[in-house]
Number of protein chains: 2
Amino acid sequence: MAEKVTIADVARHANVSRQTVSNVLNSPEVVKEETRQRVLAAVEALGYRVNAAARQMRTGRSRLLAVRIETTQDGINVFDRFLHGLTESAERSGYRVLLYTAADDHAEIATIEQLLGEFEPDGFVLTSTHHGDARATWLAGRGLPFVSFGRPWGASEVAHPWVDVDGAAGTEAATRHLLGLGHRRIGFVGWETGSGVGDDRRSGWSRTLAAAGLDADLAAETDGSSAHGQAAARELVDRGATALVCVSDAVALGALQVTPDVVGFDDTPVAAAIGLTSLSQPLAEAAARCVELLADRLAGRPTATHALLTPSLVIRKEPRS
Amino acid sequence: MAEKVTIADVARHANVSRQTVSNVLNSPEVVKEETRQRVLAAVEALGYRVNAAARQMRTGRSRLLAVRIETTQDGINVFDRFLHGLTESAERSGYRVLLYTAADDHAEIATIEQLLGEFEPDGFVLTSTHHGDARATWLAGRGLPFVSFGRPWGASEVAHPWVDVDGAAGTEAATRHLLGLGHRRIGFVGWETGSGVGDDRRSGWSRTLAAAGLDADLAAETDGSSAHGQAAARELVDRGATALVCVSDAVALGALQVTPDVVGFDDTPVAAAIGLTSLSQPLAEAAARCVELLADRLAGRPTATHALLTPSLVIRKEPRS
DNA sequence: TATAGAAATTTGATCGATCAAACGGTCAGA
DNA sequence: TCTGACCGTTTGATCGATCAAATTTCTATA
């Protein structure tokens, strides 16, 4: 039942030593072609697979990437698609994804510390980075390999590899789209000032209006809920807005109760379901880039410092018109 | 930077042997209380953590549970909440969750085989079980510990521990709810016959109507899309239906375009967003039960064979009425 | 043909934890 | 006083892979 094939079994079967088998698998260039073939045949015949624990014990490398799985807050999030992409890309690079949970940044650091002692992940992927992120500082402080999905917001931050989606480029596209529909008074329903992501998304809207010679005066702040989004939209429409760019689909959902020409952000299933035009983040690509940056770093290859991806506008019509 | 504390360091610090440290951690009852305290103090002082690879090498156990991360099909699914619950519960039992992807059952088996050779997960969690599931047969065939989220549909299946949500009980509650609102002609928008989950959900609807002395003749089949849901709903309404119980939120979303009294299934973010009454699966509890069954089995404790949980009806009013 | 040097392969040690067995000390009973 | 049982602890071996160094085999040149 539990047939465990070791490197010694393969060696015996191929009439070579353990080390030669190891070399065939890890440094094929030092092995004579004929021997290589013979060993590979034995590997195949016996169904041999390297034992990760034994390898890790000797090399110190685990081929594991650790990622925190986030709680689905209001249910409208997008993390699962990123995680799927991450797992897929990691597999392609010979890594596996190990999950952990944490209530907050502080707890996450403690968990990372624990993981380092126990499973020794080779790298970490941080998500939902924010201003003054303690996790990035902590990881960078001890030279641990990691990438963040989300750029390091704020000036005093440590430099580290990151991947992010260009929110400003997204809202610029959204604003252009609404301008193209003939709107001249376009509002922005955002989050409270100070959130990096929110400010970034707002900036794309304002700069586009400015470039078109229009005032970017119709902006409102919300706590991110649909209810607040609706209230904010009402206010902006009362002040003359005829269309709205929103910082998220959740907020857009509320805004949609007020006026039809609304663009959301994240292209969540909700947007698709209700026919909301929204900005779609290239999550699979973002995940792939994260793995790429991390894998390059871990392999000692020269790595890019970051990647900024552009979201795409998914134009929909409300189904109930 | 990379300070690695081994069991030998702790032993030296506490003036005992390696084995005593190991005993303190694994079989505290054989160690004298005084020694135990001293060792624990040393563990604390040095920040020692067992190295999972070394332990696994000797014991053969990895404290890893492997789960396949599913692709988000139409985006309206619920897997991420289950996964989060699983990770959390696993941590509580001293396990970590390892992710993998697979295109289909066949590929999944191959991946499991690979994982067994490399990371030697202690157990597996299967999701989306279906009629004649090759994965369950394969795992059971070689005596590997696993639980499925989803019961073994079909009679010829091997017996194995499982956790599932009682779909029939859910649709029964939904049907009762609609009866309570005064409806007498209640239809069911389902999937094609043959899917275990779909048939189960349909049965709750039909048996409740039968119990109320009503005909359960208004049933339609769809491919699960909103578009088909809408068409099917139209047909049922034309045939006299005044309310509809749906097999999923996706289908319900389509049905909602036809008539307001609709109940969905899964309580996805979409349902919450559009004010759709829906059945909520206790996913966190389901995940906890999965871990419980698996952990008991792995610890050699007597285990229950399965758990069937009841979904709860979340009643909402359409926001746009 | 001999031999330096490169190429290919093998040997022994090691990573950190746990198992199995041995060990020393204490105590009850003969 | 001696024997055997018991408790708490220690010692040596082991899991499977890889590193470092040693060894053998091959190749090229004098």
Side-chain angles (χ1 to χ4, degrees), chain A residues 2-40 42-43 46-64 94 114-120 122 299-300, chain B residues 2-40 42-43 46-64 94 114-120 122:
Chain A
E3 20 123 359
K4 50 179 68 177
V5 185
T6 76
I7 207 170
D9 296 324
V10 177
R12 210 170 304 124
H13 191 275
N15 262 308
V16 295
S17 67
R18 307 179 318 262
Q19 185 60 42
T20 297
V21 177
S22 174
N23 284 336
V24 167
L25 300 172
N26 301 305
S27 327
E29 70 279 4
V30 308
V31 180
K32 196 162 57 165
E33 176 61 17
E34 179 202 324
T35 314
R36 203 179 68 84
Q37 296 294 351
R38 189 152 36 94
V39 170
L40 287 178
V43 165
L46 301 178
Y48 168 79
R49 293 189 206 286
V50 285
N51 180 296
R55 161 184 283 174
Q56 177 182 346
M57 175 106 90
R58 189 77 251 257
T59 65
R61 258 162 287 112
S62 63
R63 312 245 71 176
L64 245 32
Q114 186 186 349
L115 280 173
L116 281 169
E118 295 181 3
F119 290 89
E120 308 180 86
D122 291 339
Chain B
E3 17 122 4
K4 50 180 69 176
V5 185
T6 76
I7 208 170
D9 297 324
V10 177
R12 210 170 304 123
H13 191 277
N15 263 308
V16 294
S17 69
R18 307 181 318 265
Q19 185 59 42
T20 297
V21 177
S22 175
N23 284 336
V24 166
L25 299 172
N26 300 307
S27 327
E29 70 280 2
V30 308
V31 181
K32 197 161 58 164
E33 175 62 17
E34 180 201 323
T35 316
R36 204 178 67 85
Q37 295 295 351
R38 191 151 35 94
V39 170
L40 286 178
V43 165
L46 300 178
Y48 169 79
R49 294 187 206 286
V50 286
N51 181 297
R55 162 183 283 174
Q56 177 182 347
M57 175 106 88
R58 190 76 252 256
T59 66
R61 258 163 286 113
S62 63
R63 311 245 71 175
L64 246 32
Q114 187 185 348
L115 281 173
L116 280 170
E118 295 182 3
F119 290 89
E120 307 181 87
D122 291 339

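The structure presented is a predicted model; accordingly, all values stated were derived computationally and were not measured. Here is how names work: the chains are called A, B, and so on, in the same order as the sequence lines, proteins then strands, and each is numbered from 1.
Rounding to the nearest 0.5 Å places CD1 of A:Ile7 at 12.0 Å from CZ of A:Arg12.
Of the two residues near DNA chain D, B:Asn15 and A:Thr6, the one whose nearest nucleotide lies more 5' is B:Asn15. Between B:Arg58 and B:Asn23, the residue whose closest nucleotide on DNA chain D is further toward the 5' end is B:Asn23.
Note on B:Arg36: nothing from the nucleic acid sits closer than 4.0 angstrom, heavy atoms only. Heavy atoms of A:Arg49 sit under 4.0 angstrom from primed sugar atoms or phosphate atoms, though from no base atom. Nucleic acid contact for B:Val21: none, since no nucleic acid atom lies under 4.0 Å from a heavy atom of the residue.
Nearest heavy-atom pair across B:Ala8 and B:Arg18 is CA-CG, 4.5 Å. Across all their heavy atoms, A:Asp9 and A:Thr6 have their closest contact at OD2-N, 2.8 Å. Across all non-hydrogen atoms, the minimal contact from A:Arg63 to B:Phe119 is O-CZ, 4.2 Å. The two residues A:Arg55 and A:Val50 have their closest heavy-atom pair at NH2-CG1, 3.7 Å.
In the helix from C:dT1-D:dA30 to C:dA30-D:dT1, the terminal helix axes, each the rotation mapping four pairs' C1' atoms onto the next four within five end pairs, subtend 60°, rounded to 10°.
Interface limits on DNA chain C: the 5'-most and 3'-most nucleotides within less than 4.0 Å of chain B heavy atoms are C:dG16 to C:dA20.
Between B:Val24 and B:Leu40, some side-chain heavy-atom pair lies under the 4.5 Å cut-off. Looking at heavy atoms from C-beta onward, A:Gln37 lies out of side-chain contact with A:Glu34 at the 4.5 angstrom threshold. Within the 4.5 Å cutoff, side-chain heavy atoms of B:Val5 are placed close to those of B:Val10.
At the phosphate of D:dT9, neither OP1 nor OP2 sits under 4.0 Å from any side-chain N or O atom of B:Thr20.
When rounded to the nearest whole Å, the span between CD of A:Glu34 and P of D:dT25 equals 15 Å.
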